[in-house]
Amino acid sequence: MDWKTLQALLSGVNKYSTAFSRIWLSVVFVFRVLVYVVAAERVWGDEQKDFDCNTRQPGCTNVCYDHFFPISHIRLWALQLIFVTCPSLLVIMHVAYREDREKKNREKNGENCPKLYSNTGKKHGGLWWTYLLSLFFKLVIEILFLYLLHKMWDSFDLPRLVKCTSVDPCPNTVDCYIARPTEKRVFTYFMVGASSICIILTVCEIFYLIFKRVMRTAQRWKKSTKRSVSYNKTSTCRCHLKQEEKENKSQNRSDA
């Protein structure tokens, strides 16, 4: 897998991201992708070959391994990293769509025509919703993969010994031993911890975006309220002045 291409592609999202998203991207590529490529792949490289069982029954070792490891940790993490980075591409696609619309508008109406967007990369309107939706996708994917990892092995811990019971063609109960369980346990907890940090950053960014949007809406509402109040005061003062002028004119006529 060419992780450098994915990193170069996702680095373009930084132009439209908040500080939380930039930290999230750094955590993903430094503490997850880099650890995955440099160390984790090698640790899990011999898992099936060195999965040793105390029986020579043909096929029993393979069946027990498949029973306890329906999917390898390393392949599950690869899928997780791919799926969790894909929602960021929605933002890039939306910005590209805006830029294409802006380009077609200039070609149709000339270079001096009014712009459709003040800034194609600014998170307003539909782009804000796309960005928020991508964050929710990331959050759901991270939680889903952590749940799958915990569900398939009943915990994030890897035991040294697993017992294969009532699984054909194994006779009775077979004891099997996982290769390098301590090393694999350390990397499992590390990847789970990095995923948890990414979840926290994503939740913080969601709340930050919503809070910022609410504050901006409140400020606009206050400004519009002040304008309407000042307009009403001005119109009321003018009406009073006109009424006073009429009263003064009528009084002058009666005095004459």
*Identify, with sequence neighbours excluded, every residue that meets side-chain contact (heavy atoms from CB on, under 4.5 Å) alongside Asn172.*
none
_Interatomic distance, Thr85 atom OG1 to Ile141 atom CD1 [nearest 0.5 angstrom]_ = 8.5 Å
*Roughly how far apart are Met191 CE and Ile74 CD1, rounded to 0.5 Å?*
7.0 Å
*asked:* side-chain contact (heavy atoms from CB on, under 4.5 Å), that's the test. Do Val84 and Phe145 meet it? Break it down for me.
replied: CA-CA 10 Å; Val84 85; Phe145 273 91; over 6 Å; no
*Shared ILVMFWY cluster between Phe137 and Leu139, side chains joined below 4.5 angstrom?*
no
*Report yes or no: do Val174 and Phe51 belong to one cluster of Ile/Leu/Val/Met/Phe/Trp/Tyr joined by side chain heavy-atom distances under 4.5 Å?*
no
*For atom OH of Tyr189, decide whether the heavy atoms of other residues, nucleotides or ligands shown that lie under 6.0 angstrom number more than 12.*
yes
*So which residues get pulled into Tyr177's cluster when ILVMFWY side chains under 4.5 Å apart are joined, directly or through others?*
Leu161
*Rounded to the nearest 0.5 Å, how far does CG of Asn54 lie from NZ of Lys163?*
8.0 Å
*Considering only heavy atoms from C-beta outward, does the side chain of His150 approach that of Leu146 to under 4.5 Å?*
no
_Taking every non-hydrogen atom, the tightest pair across Pro159 and Val162_ = CG-CG1, 3.8 Å
*So how far is it from Leu90 CG to Leu127 CG, rounded to the nearest 0.5 Å?*
11.0 Å
_Using the side-chain contact (heavy atoms from CB on, under 4.5 Å) criterion, which residues pair with Asn62? Sequence neighbours excluded._
Gln48
*Could you tell me which residues satisfy side-chain hydrogen bond (donor to acceptor under 3.5 Å, both in side chains) with Thr130, sequence neighbours excluded, listed by chain and number?*
His94
*Please tell me if the side chains of Ile206 and Phe20 come closer than 4.5 Å, counting only heavy atoms from C-beta onward.*
no
_Candidate pair His73 and Phe187, rule side-chain contact (heavy atoms from CB on, under 4.5 Å), full reasoning_ = CA-CA 10 Å; His73 284 64; Phe187 276 102; over 6 Å; no
Quiz: residues 196-204 side-chain donor-acceptor pairs under 3.5 angstrom, not counting sequence neighbours:
unit_1	atom_1	unit_2	atom_2	d
Ser196	OG	Val192	O	2.9
Thr202	OG1	Cys198	O	2.8

_Do Ser88 and Leu25 make a side-chain contact, defined as non-hydrogen atoms from C-beta onward lying under 4.5 Å apart?_
no
*asked:* Between Val167 and Phe68, is there a side-chain heavy-atom distance shorter than 4.5 Å?
replied: no
_Would Cys164 and Cys64 count as a disulfide pair, i.e. SG atoms separated by less than 2.5 Å?_
yes
*asked:* Other residues, nucleotides and ligands only: do more than 12 of their heavy atoms fall within 6.0 Å of CZ on Arg22?
replied: yes
*By ring-ring contact (aromatic ring centres under 6.0 Å, His included), which residues pair with His67, not counting sequence neighbours?*
none
*Contacts of type side-chain hydrogen bond (donor to acceptor under 3.5 Å, both in side chains), residue Asp168, not counting sequence neighbours*: none
*Connected via hydrophobic side-chain network under 4.5 Å: Leu148 and Phe156*: yes
_Test of understanding: clusters of I, L, V, M, F, W, Y form through side-chain heavy atoms closer than 4.5 Å, transitively. Do Leu132 and Ile143 belong to the same one?_
yes
*Under a single-linkage rule joining Ile, Leu, Val, Met, Phe, Trp and Tyr whose side-chain heavy atoms are separated by less than 4.5 Å, which residues share a cluster with Leu34?*
Val38
*Can you list the residues that meet the side-chain hydrogen bond (donor to acceptor under 3.5 Å, both in side chains) rule with Thr18, with sequence neighbours excluded?*
Glu205
*Does the side chain of Arg32 reach to within under 4.5 Å of the side chain of Gln80, using non-hydrogen atoms?*
yes
*Report yes if some heavy atom in the side chain of Val140 is under 4.5 Å from a heavy atom in the side chain of Phe83; otherwise report no.*
no
_CZ on Phe31 to CZ on Phe190, rounded to 0.5 Å_ = 6.0 Å
_Distance-minimising heavy-atom pair for Glu142 and Ser195_ = OE1-OG, 2.7 Å
*So if you build clusters from Ile, Leu, Val, Met, Phe, Trp, Tyr with side-chain heavy-atom gaps below 4.5 Å, do Val95 and Met93 land together?*
no
*Audit row: Arg160, Thr182, side-chain hydrogen bond (donor to acceptor under 3.5 Å, both in side chains) steps and yes/no*: CA-CA 8 Å; Arg160 296 177 183 274; Thr182 304; 3.2 Å; yes
_For Thr55 versus Cys60, what's the shortest heavy-atom pair and its separation?_
CG2-SG, 3.7 Å
*asked:* Can you list, by chain and residue number, the hydrophobic cluster partners of Val186 when the side-chain cut-off is 4.5 Å?
replied: none
*Tyr147: hydrophobic cluster co-members (side-chain, 4.5 Å)*: none
For residues 207-217, which side-chain N or O atoms pair as donor and acceptor with protein atoms under 3.5 Å away, sequence neighbours left out?
unit_1	atom_1	unit_2	atom_2	d
Thr217	OG1	Arg213	O	2.8

*Can you tell if the side chain of Ser21 reaches within under 4.5 Å of the side chain of Tyr131, non-hydrogen atoms only?*
yes
_From Thr61 atom OG1 to Asp52 atom CG, the distance as rounded to the nearest 0.5 Å_ = 7.0 Å
*Taking the side chain as C-beta and beyond, is there a heavy-atom pair between Met152 and Leu76 under 4.5 Å?*
yes
